[in-house]
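Read through the structure below, which is laid out as structure tokens, and then see the notes.
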Amino acid sequence: MGNVLNTLSSNTKEDTKLYTCIQELYEQGVPFEELKALIPDMKRTREQLRMKRMLENNNEVLLSMISKEMSFLLDAKERQQEEEFRKIDQLIRQQQNYRKESSRAYTKLKNLLPAFRV
């Protein structure tokens, strides 16, 4: 048993944790054959937990990226709307100026017309 456990303990940090857990169970009286049967399940569970952590990290990264992209798109949309409003405002002011000028020209023309009506 010692040789198998020593090999297992030297593989990785997670394997060291697994080794420690198995050693504690062995010291508590669980037969090595039963522990040996549990090792694949324990490794599979460890891999599932690792995958879960990796997926959670990926989700956090993706959420952050999506959040930044949405913020950028919303800012761009807001800038586009502001530009459209500015153009509309400019057109309205231009139209008002044309009307004022037209009104002034009409008033001048109206004032000149009675002079021709003799």
Side-chain angles (χ1 to χ4, degrees):
M1 164 152 171
N3 203 13
V4 173
L5 290 179
N6 286 336
T7 302
L8 180 63
S9 71
S10 64
N11 286 338
T12 65
K13 185 176 180 181
E14 281 111 11
D15 284 341
T16 302
K17 290 177 185 177
L18 181 61
Y19 165 77
T20 303
C21 179
I22 291 169
Q23 186 177 20
E24 286 176 14
L25 290 171
Y26 181 76
E27 289 171 359
Q28 292 174 12
V30 178
F32 179 70
E33 290 303 314
E34 289 179 24
L35 292 174
K36 188 176 175 183
L38 290 176
I39 291 173
D41 289 337
M42 295 172 90
K43 284 186 173 185
R44 189 173 28 260
T45 301
R46 183 186 66 209
E47 273 305 307
Q48 289 171 344
L49 288 173
R50 183 183 300 145
M51 289 297 291
K52 181 182 176 199
R53 274 187 247 120
M54 191 169 65
L55 288 172
E56 287 171 351
N57 289 340
N58 286 348
N59 286 344
E60 288 176 22
V61 169
L62 285 173
L63 284 174
S64 175
M65 289 171 61
I66 290 170
S67 176
K68 288 176 184 176
E69 183 67 20
M70 289 300 294
S71 179
F72 174 77
L73 291 173
L74 288 173
D75 288 346
K77 181 72 173 171
E78 188 175 300
R79 284 191 302 273
Q80 182 183 14
Q81 286 177 339
E82 286 175 5
E83 182 63 21
E84 288 173 9
F85 289 140
R86 189 188 64 72
K87 286 179 182 179
I88 290 170
D89 185 58
Q90 185 179 8
L91 288 172
I92 290 171
R93 291 176 192 277
Q94 187 177 18
Q95 186 64 31
Q96 288 172 340
N97 285 335
Y98 288 151
R99 286 186 181 167
K100 283 181 187 177
E101 289 299 319
S102 178
S103 177
R104 286 185 196 137
Y106 176 75
T107 303
K108 286 180 183 180
L109 185 61
K110 187 177 168 185
N111 289 338
L112 288 174
L113 284 178
F116 289 111
R117 291 185 190 169
V118 182

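Residues take their numbers from the sequence shown, with the count starting at 1. Both backbone and side-chain heavy atoms feed into the values below; hydrogens, waters and symmetry mates do not.
Distance alone, capped at 3.5 Å, places no donor-acceptor pair between the Ser67 side chain and the Leu63 backbone.
Distance CZ/Arg93 to OH/Tyr98: 15.0 Å, rounded to 0.5 Å. Taken from CD in Gln81 to CG in Leu74, the straight-line distance is 9.5 Å, to the nearest 0.5 Å. To the nearest 0.5 angstrom, Arg44 atom CZ is 11.0 Å from Leu38 atom CG. To the nearest 0.5 Å, atom CE of residue Met70 and atom CG of residue Asp75 are 11.0 Å apart. Between atom CD of residue Glu24 and atom OH of residue Tyr19 there is a gap of 10.5 Å, rounded to the nearest 0.5 Å. Taken to the nearest 0.5 Å, the CG atom of Asn58 stands 9.0 Å off from the CE atom of Met51.
Counting only heavy atoms from C-beta outward, the side chains of Ile39 and Leu35 never approach each other to under 4.5 Å. Side-chain atoms of Leu73 and Lys77, non-hydrogen and from C-beta on, never get closer than 4.5 Å to each other. A 4.5 Å side-chain heavy-atom check between Gln95 and Arg99 finds at least one atom pair inside the cut-off.
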Quick one: do Glu78 and Glu82 satisfy side-chain contact (heavy atoms from CB on, under 4.5 Å)? Show the steps, please. CA-CA 6 Å; Glu78 188 175 300; Glu82 286 175 5; 3.7 Å; yes
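Ion pairing of Asp89 with Arg86 is absent here, as no side-chain N (NZ or NE/NH1/NH2) approaches a carboxylate O to less than 4.0 Å. A salt bridge does not link Arg53 to Glu56: none of the charged nitrogens lies less than 4.0 Å from a carboxylate oxygen. At a threshold of 4.0 Å, the pair Arg104-Glu101 counts as salt-bridged, since one of the basic side-chain nitrogens sits closer than that to a carboxylate oxygen.
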